[in-house]
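Notes for the one structure printed next.
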Amino acid sequence: MTGIDSKLKVLVDNGLKDLNHCSDEQAAETWHAKYLGRSGAIADLMRSIGQLDREDRPSAGQAANEAKATLEAAYLDRRGRLDESSLARRIEADRVDVTMPGRRLHDGGLHPITLTLRRILEIFRDMGFQVTEGPEVELDWYNFEALNIPAEHPARDMWDTFYVQPPSVLLRTHTSPNQARVMQRSKPPIRIVVPGRCYRYEAQDASHEWMFYQVEGLAVDAGLTMADLKGVLVAFAQRMFWPEVQCRFRCDYFPFVEPGMEMSVQCPICRGSGCRVCKMSGWIELLGAGMVHPQVLRNVGYDPDAVNGFAFGMGPERITMVKHAIDDIRLFYGNDLRFLKQFN
Ligand code: FA5
């Protein structure tokens, strides 16, 4: 045995022993670099063959190649077994227990105000009203001027306004601008309802939001009366709430109707005895209404001697509060799912 033979034997013995201790892929790679890599132990030995006597070189080279082949084969065998066990580990980790109960998928739901709006529109559709919509960013002319509220008119204080481009473009403060829009583009008889968002620069409290919905109603024909208006509104309240609902009509002032009134229903939270939602009055105001002012008819080119009309504007948030005895309007847009989920 030459010196190199015994060195190779020790190297192979140690290599095989070390390889047995490699328990993962990374350890096997480190082992490979140490023994079989370009600057590993086998390569070192092969380089040293050049210094042997010429006649010893062939047998030493052959022995080194055999040692290298033994270690390569052992390495491939080990890698194969490590791969198998890491695959087994991965399968084990990914195992799904098909007997476990599944994760519940949560359904989306409609917002309570959407539900109320749909119901309101359904009731008016049944009474022969058509549904239409108008812009939220509105011209001063439609929001005020056409409705008999010229600039500097003190009634403008009733609607604290967000202006987009003062003084002519604003966020509509009510859905009433659609009265003029619809009359301008159609001929009587008219029976429409217009749902939509409104904006007012006002302090929030239990019954006031700065953004809220309204549904506007407008009927124009020959010979309409306050009795028609009250009949429509009571029929609406009876279907929206309950058949015995108590409605109260009182005079109110809006520059675009004459006469004007507001309709309230008995507060369902305190049943009329007074609470913070009804501001101790026992009643909740739902809407403003009245007979369309002759000047509004003239503003859109109608002849007030030939046709007349009635109009109303109601608050779906207030209606939802009455229906479900909710005592704070701010709950609707607070995005608390515990509240919102109760309606679906
Ligand atoms: C008006 O806005 C008139 N355009 C209604 C009208 C239409 C009168 C046609 C005559 C003819 P008022 O500001 O009162 O009126 O508002 C009408 C309804 O909208 C109120 O009764 C209320 O239900 C709702 N509302 C008004 N302001 C708010 C607010 N800040 N938050 C929530 N709801 C409101």
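Ligands are counted one by one from 1 in listed order, and the atoms in each one are counted from 1 as well.
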Any nitrogen or oxygen of [X], side chain or backbone, less than 3.5 Å from one on ligand 1?
| X | value |
| --- | --- |
| Glu285 | yes |
| Ser176 | yes |
| Glu202 | yes |

**Asked** Among protein heavy atoms, which sits nearest to atom 23 (O) of ligand 1, and what does the distance come to when rounded to 0.1 Å?
**Response** Leu286 O, 3.0 Å
**Prompt:** Of all the non-hydrogen atoms in the protein, which one sits nearest to atom 33 (N) of ligand 1, and at what distance?
**Reply:** Phe212 CD1, 3.6 Å
**Complete:** Test side chain to side chain contact (heavy atoms under 4.5 Å, CB included), reference Phe256, set Val292, Asn299, Leu147, output is Leu147
Atom indices of ligand 1 within 4.0 angstrom of [X] heavy atoms, with elements:
| X | answer |
| --- | --- |
| Arg200 | 1 (C), 2 (O), 12 (P), 13 (O), 16 (O), 26 (C), 27 (N) |
| Gln179 | 9 (C) |
| Gln214 | 1 (C), 2 (O), 16 (O), 17 (C), 18 (C), 19 (O) |
| Gly288 | 6 (C), 7 (C), 8 (C), 10 (C) |

**Asked** So, Arg81 and Glu84, do they make that salt bridge, N to O below 4.0 Å?
**Response** no
**Item:** Side-chain ion pair, Arg156 and Glu145, N-O less than 4.0 Å
**Value:** yes
Between [X] and ligand 1, which part of the residue brings a heavy atom under 4.0 Å of the ligand: side chain, backbone, both or neither?
| X | answer |
| --- | --- |
| Phe312 | backbone |
| Leu287 | backbone |
| His174 | side chain |
| Cys198 | neither |

**Request:** Report yes if the distance between the aromatic ring centroids of Tyr213 and His111 is under 6.0 Å, otherwise no.
**Result:** no
